[in-house]
Amino acid sequence: MAFTNEHLVHAASAISEDLGGAYLGVHLRVTDGIFEWSALENVRLAWWKLLQISFDFSNEELLDLEEELFPEEDLLEPPVIAPDLPALRSPHPPLSPLPPNAAPSTAISCRGSLHTARKLHVLNVPLYIATDAHNPSLNPVLWRFLRTFPCAFFLEDFAEHTRPLRALLSETDGVPVGGLLMPFLDAMVIGQAWQVVGTEQSTFSTFVTDVLWRTYHGFAIVQRG
């Protein structure tokens with residue numbers, strides 16, 4: 001199942017094109033109750049998952065990378081990543097290789113300096129972060145991804161494409177509805193990413209990874225329950 005609203009489809013396609021078409025995606029819930037309490041843990045877990053499934057980094061390589069990029073953090077053990085049995089029961093064909101020169105279009109600029117070390121070149125790939133964080137580029141909980149991926153982007157970076165959506169009014173009572181559409185637009189953009197990971201225990205993240213991402217890529221959805 002994918003969203004078919006023409007306004008959402010147009011905006012999501014435009015943002016995906018600006019990201020260069022080949023990019024990574026992460027859906028991070030960091031506000032509200034349990035997600036706020038466990039934000040740092042969940043963000044680290046999503047970081048590990050994304051780098052392992054996208055680039056096949058080993059635990060040792062990721063621990064070294066953490067020490068290099070986040071020297072102020074206490075050294076930690078690798079997070080426990082439990083196998084996703086429902087997803088394993090619904091395997092999909094191998095993805096086409098991520099282009100080694102994947103980059104955003106000239107319409108947008110990376111917010112950080114590109115990595116120059118050869119071993120870190122893969123981290124120059126565009127990353128789209130869908131999140132419920134307010135002012136995400138200034139939120140320290142998300143800095144782990146911003147330090148790792150110099151070409152990380154948020155929905156706020158695409159005001160040109162979201163402006164028409166934010167101006168939409170309900171046809172029945174004239175109430176603005178654009179703000180209600182932003183989470184769905186976020187989901188549609190990361191659903192078109194080359195690879196995506198979500199937040200533990202988030203049903204919306206599960207929808208993105210199990211249904212939306214697989215639908216966009218032509219794969220069978222994951223059946224749970």
Side-chain angles (χ1 to χ4, degrees), residues 1-3 12-13 15-29 42-59 61-62 65-66 69 78-79 81-105 108 110 114-115 119-131 136 142 144-155 157-158 185-200 202 204-222 224:
M1 185 188 88
F3 302 114
S13 297
I15 293 173
S16 177
E17 184 175 338
D18 280 357
L19 288 166
Y23 56 95
L24 303 180
V26 59
H27 186 265
L28 297 174
R29 285 201 62 185
N42 282 339
V43 167
R44 182 174 187 248
L45 180 58
W47 184 89
W48 272 72
K49 283 183 176 180
L50 186 64
L51 270 62
Q52 283 192 331
I53 64 176
S54 299
F55 307 119
D56 201 28
F57 282 135
S58 67
N59 284 354
E61 289 172 324
L62 289 179
L65 186 59
E66 284 188 316
L69 297 179
I81 302 178
D84 187 342
L85 297 181
L88 292 174
R89 288 194 292 267
S90 300
H92 60 73
L95 295 170
S96 300
L98 182 66
N101 59 341
S105 75
I108 54 176
C110 297
L114 298 183
H115 295 293
K119 65 178 182 179
L120 300 181
H121 280 179
V122 292
L123 302 179
N124 291 330
V125 62
L127 171 70
Y128 184 81
I129 303 174
T131 180
L142 306 180
R144 167 177 284 264
F145 279 98
L146 298 186
R147 289 192 194 180
T148 306
F149 295 92
C151 295
F153 299 94
F154 302 98
L155 191 60
D157 297 314
F158 301 94
L185 178 58
D186 249 353
M188 292 172 70
V189 175
I190 58 173
Q192 297 177 59
W194 181 79
Q195 186 59 269
V196 64
V197 300
T199 302
E200 290 287 301
S202 167
F204 198 51
S205 279
T206 300
F207 167 73
V208 170
T209 57
D210 286 1
V211 179
L212 202 56
W213 180 81
R214 284 174 172 253
T215 298
Y216 277 122
H217 288 269
F219 303 146
I221 66 173
V222 177
R224 298 183 185 270

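Judged by distance alone, the side chain of Asp157 and the main-chain N or O of Phe154 form a donor-acceptor pair under 3.5 Å. Side chain of Ser16 to main chain of Ala12: no donor-acceptor pair is present (N/O by atom type, distance under 3.5 Å, no hydrogens or angles). A side-chain donor-acceptor contact under 3.5 Å links Ser105 to the backbone of Asp18.
Once rounded to the nearest 0.5 Å, the distance linking CD1 of Ile81 with CD of Glu200 reads 9.0 Å. The line from CD of Glu17 to CD1 of Ile108 is 10.5 Å long, rounded to the nearest 0.5 Å. Leu50 contributes atom CG, which lies 6.5 Å from atom CG of Leu127 (distance to the nearest 0.5 angstrom). We find the OG-CG distance between Ser58 and Leu65 to be 10.5 Å, quoted to the nearest 0.5 Å. With rounding to the nearest 0.5 angstrom, the CG atom of Leu146 is 12.0 Å from the CG atom of Leu69. How far CD of Glu61 is from CD of Gln52: 10.0 Å, rounded to the nearest 0.5 Å.
Between Phe219 and His217, the ring planes lie parallel to each other; the angle is under 30°, not in the 30° to 60° tilted range.
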Exercise. Does the pair Phe153 and Ile15 meet the rule for a side chain to side chain contact (heavy atoms under 4.5 Å, CB included), with working shown?
Worked result: CA-CA 10 Å; Phe153 299 94; Ile15 293 173; over 6 Å; no
For this session: Show your reasoning for whether side chain to side chain contact (heavy atoms under 4.5 Å, CB included) applies to Phe158 and Leu185.
Result: CA-CA 11 Å; Phe158 301 94; Leu185 178 58; over 6 Å; no
Problem set entry | Step-by-step side chain to side chain contact (heavy atoms under 4.5 Å, CB included) determination, Asp56 to Leu51 | CA-CA 7 Å; Asp56 201 28; Leu51 270 62; over 6 Å; no
Exercise. Given the rule in the side chain to side chain contact (heavy atoms under 4.5 Å, CB included) test, do Asn124 and Phe149 qualify, once you have shown the distances and angles that lead to the verdict?
Worked result: CA-CA 6 Å; Asn124 291 330; Phe149 295 92; over 6 Å; no
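Of all the heavy atoms in Gly25 and Ala193, the pair that sits closest is N-CB, 3.6 Å. For Ala22 against Pro126, the heavy-atom pair with the smallest separation is O-CD, 3.9 Å. Ser54 and Leu24 get closest at one heavy-atom pair: OG-CD2, 3.7 Å. When all heavy atoms are compared, the tightest approach of Ala46 to Leu28 is CB-CD2, 3.8 Å. Minimum interatomic distance between His27 and Ser202 (heavy atoms only, all atoms of both residues): CE1-OG, 4.3 Å. Closest approach of Leu114 and Cys151 over heavy atoms only: CD2-SG, 3.6 Å.
Proximity of Ser90 to Arg214: side-chain heavy atoms (C-beta onward) are separated by under 4.5 Å at one or more points. Side-chain contact between Val125 and Phe55 is present, with heavy atoms from C-beta onward closer than 4.5 Å. Here the side chains of Phe204 and Asp186 are not in contact, with every heavy-atom distance at 4.5 Å or above. Between Tyr23 and Gln192 the shortest side-chain heavy-atom distance falls below 4.5 Å. Looking at heavy atoms from C-beta onward, Ile190 lies in side-chain contact with Val208 at the 4.5 angstrom threshold. Looking at heavy atoms from C-beta onward, Tyr128 lies out of side-chain contact with Val26 at the 4.5 angstrom threshold. Between Leu120 and Thr148 the shortest side-chain heavy-atom distance does not fall below 4.5 Å. Using a 4.5 Å cut-off on side-chain heavy atoms (C-beta onward), Thr131 and Arg29 make no contact.
A salt bridge links Arg224 and Asp84; the closest N-O separation between the charged side-chain nitrogens and carboxylate oxygens is under 4.0 Å.
His92 and Trp213 have their aromatic ring centers within a separation under 6.0 angstrom.
For the residue pair Glu66 / Trp48, a side-chain donor-acceptor distance below 3.5 Å is found, with atom types taken as modelled.
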